[in-house]
Amino acid sequence: MSDTKFTPRVFSGIQPSGGLTLGNYLGAIKRFVSMQDEDFETVYCMVDLHAITVWQDPKALAHNTRELAAGFIASGISPEKSILINQSQVPEHAQLGWIFNCVARMGWMGRMTQFKDKAGKNTENVSLGLFGYPALMAADILVYHATHVPVGEDQKQHLELTRDIAAKFNHDYGVDFFPITEPVIEGAATRVMSLRDGSKKMSKSDPSDASRINMTDDADAIAKKIRKAKTDPDALPSEVEGLEDRPEARNLVNIYAALNEQSVEDVLREVGGQQFGTFKPLLAELAVSKLAPISTEMARLMDDPAEIDRILARGAAQAREITAPILRKTYEIVGMVS
Ligand code: AQP
């Protein structure tokens with residue numbers, strides 16, 4: 001479907017399930033910021049309803065939601081240009097989520113690798129919400145009729161499911177109502193890996209703090225984590241092929257390229273032949289120079305949580321101007337009497 005009938009609109013979200021990581025920043029937020037200045041309406045969300053699919057301490061959840069909002073703004077998302085919300089203040093997300101629970105098939109959900117990764121061997125004991133998460137994510141996106149969703153590589157499968165849900169809804173009800181959303185997975189670091197294990201994604205809920213760079217880490221912590229990052233004993237190659245089968249080396253080079261807005265090829269032309277003892281301090285210096293201004297601004301914004309709450313309340317009111325009519329129409333299509 002060409003979807004030209006839909007307003008070009010971007011939606012994406014991040015869970016306040018911990019502090020923001022460099023993975024969230026490079027995989028998602030940097031693209032959120034640039035899309036604000038393209039021909040899109042942009043809606044960015046702290047997906048608190050998703051966060052509680054695993055246990056969250058209530059005080060920490062509230063803190064993390066505000067801190068995430070501060071992280072968005074400090075990274076360059078402007079509440080004047082974008083609608084900035086936390087999911088639970090816009091009830092249409094959960095309402096459409098229920099409809100999509102009734103559209104999505106158990107078999108589709110059972111194939112979601114993120115569920116398998118997060119549930120592990122414990123499938124009997126995880127929440128029902130964790131299993132249903134991708135149907136709510138589809139609702140987050142489609143309740144805005146969003147046409148584009150910038151995300152990291154790990155969310156690709158959930159976005160395919162979003163397309164399947166939209167297509168099945170349109171087909172079952174004989175309408176052309178929900179757009180078939182385009183994933184936007186771009187940049188040198190669409191999958192930032194753990195600093196301790198190049199086969200695992202950098203994640204805010206990894207028990208090891210050394211595995212990730214938090215956006216609130218100070219310069220010393222960043223430098224220390226990069227110095228201790230797992231690597232192999234070889235020098236860096238001068239060409240991309242030389243990074244094959246070297247996941248840790250590739251990860252650090254990708255991070256450098258994404259932070260410096262260079263291609264991996266260009267970075268390797270400059271640093272090829274260097275040992276990690278030389279490259280790691282360069283990377284640490286670059287990371288500190290890019291991230292320190294963001295963490296300083298986050299701390300400043302967190303000094304006035306009431307202002308953050310005002311921004312989120314304003315965002316929710318703006319969001320509902322879009323979501324309420326779309327939900328109303330969905331209910332009408334489904335046959336709900338109002
Ligand atoms: N390591 C990563 N590399 C690139 N992109 C990433 N994203 C997350 N980690 C990486 C992108 O950030 C956005 C928000 O993700 P999320 O917080 O909603 O959920 P997640 O992918 O499950 O992130 P975490 O850090 O792993 O959270 P927890 O530990 O709570 O599950 C998405 O666009 C994601 O692709």
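Being a predicted model, the structure only gives us computed values, none of them experimental. Counting starts at 1 for both ligands and their atoms, in listed order.
The closest side-chain donor-acceptor pair between Ser82 and Thr42 falls under 3.5 angstrom. Asn260 and Asp266 share no side-chain donor-acceptor pair at under 3.5 Å.
Interface atoms of ligand 1 facing Gly152, defined by a heavy-atom separation under 4.0 Å, are 5 (N), 33 (O), 34 (C), 35 (O). Listed by number with element, the atoms of ligand 1 under 4.0 Å from a non-hydrogen atom of Gln155 are 21 (O), 32 (C), 34 (C), 35 (O). Ligand 1 places these atoms under 4.0 Å from at least one heavy atom of Ser17: 28 (P), 30 (O). Distances below 4.0 Å separate heavy atoms of Thr190 from the following atoms of ligand 1: 3 (N), 4 (C), 5 (N). The atoms of ligand 1 that sit less than 4.0 Å from any heavy atom of Gly27 are 4 (C), 5 (N). The ligand atoms of ligand 1 that sit less than 4.0 angstrom from a heavy atom of Gly13 are 14 (C). For ligand 1, the atoms lying closer than 4.0 Å to a non-hydrogen atom of Val151 are 33 (O). Atoms of ligand 1 lying under 4.0 Å from any heavy atom of Arg191, numbered from 1 in the order shown and given with element: 3 (N), 4 (C).
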Which is it for Glu153 and Lys201 under the side-chain contact (heavy atoms from CB on, under 4.5 Å) test, yes or no, and what are the steps along the way? CA-CA 10 Å; Glu153 179 70 37; Lys201 178 181 94 135; over 6 Å; no
Go through the steps to decide whether Val184 and Met35 satisfy the test side-chain contact (heavy atoms from CB on, under 4.5 Å), and finish with yes or no. CA-CA 10 Å; Val184 180; Met35 288 185 103; 3.9 Å; yes
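Considering only non-hydrogen protein atoms, atom 3 (N) of ligand 1 sits nearest to Val192 N, 2.8 Å. Looking only at heavy atoms of the protein, atom 17 (O) of ligand 1 is closest to Lys204 NZ, 2.2 Å. Nearest to atom 13 (C) of ligand 1 among the protein's heavy atoms is Ala28 CB, 3.8 Å. The nearest protein atom to atom 34 (C) of ligand 1, hydrogens excluded, is given as Asp154 OD1, 3.3 Å; this is a heavy-atom distance. Summary of contacts: the protein heavy atom closest to atom 28 (P) of ligand 1 is Ser205 OG, 3.4 Å. From the protein, the heavy atom lying nearest to atom 31 (O) of ligand 1 is Lys118 NZ, 2.5 Å. In this structure, atom 20 (P) of ligand 1 lies nearest to the protein heavy atom Lys201 NZ, 3.3 Å. When hydrogens are left out, the protein atom nearest atom 5 (N) of ligand 1 is Gly23 O, 3.2 Å; that is the closest non-hydrogen contact.
The shortest side-chain heavy-atom distance between Met215 and Leu291 falls under the 4.5 Å cut-off.
By the 3.5 Å distance cut-off applied to N or O atoms, Val47 is not counted among the residues near ligand 1. Ligand 1 has a nitrogen or oxygen under 3.5 angstrom from a nitrogen or oxygen of Ser203.
Ring geometry for Phe11 against Tyr144 counts as parallel: the plane angle stays under 30°, on a 0 to 90° scale with 60° as the upper cut.
For NZ of Lys224, the number of neighbouring non-hydrogen atoms (other residues, nucleotides, ligands) closer than 6.0 Å is 12 at most. Annotation for Glu244: atom CD does not count as buried by contact number, only 12 or fewer foreign heavy atoms lying within 6.0 Å.
In summary, Arg105 and Asp164 do not engage in a salt bridge, as defined by a charged side-chain N under 4.0 Å from a carboxylate O.
Criterion: ILVMFWY side-chain heavy atoms under 4.5 Å apart, direct or through other members. Under it, Met193 and Leu20 are not part of a common hydrophobic cluster.
Asp232 places a side-chain N or O within 3.5 Å of a backbone atom of Asp234 that can act as its donor or acceptor partner.
Applying the side-chain contact (heavy atoms from CB on, under 4.5 Å) test between Met137 and each of Val47, Leu159, Leu161 identifies Leu159 as the sole match.
For Met193, the closest heavy-atom approach to ligand 1 does not fall below 4.0 Å.
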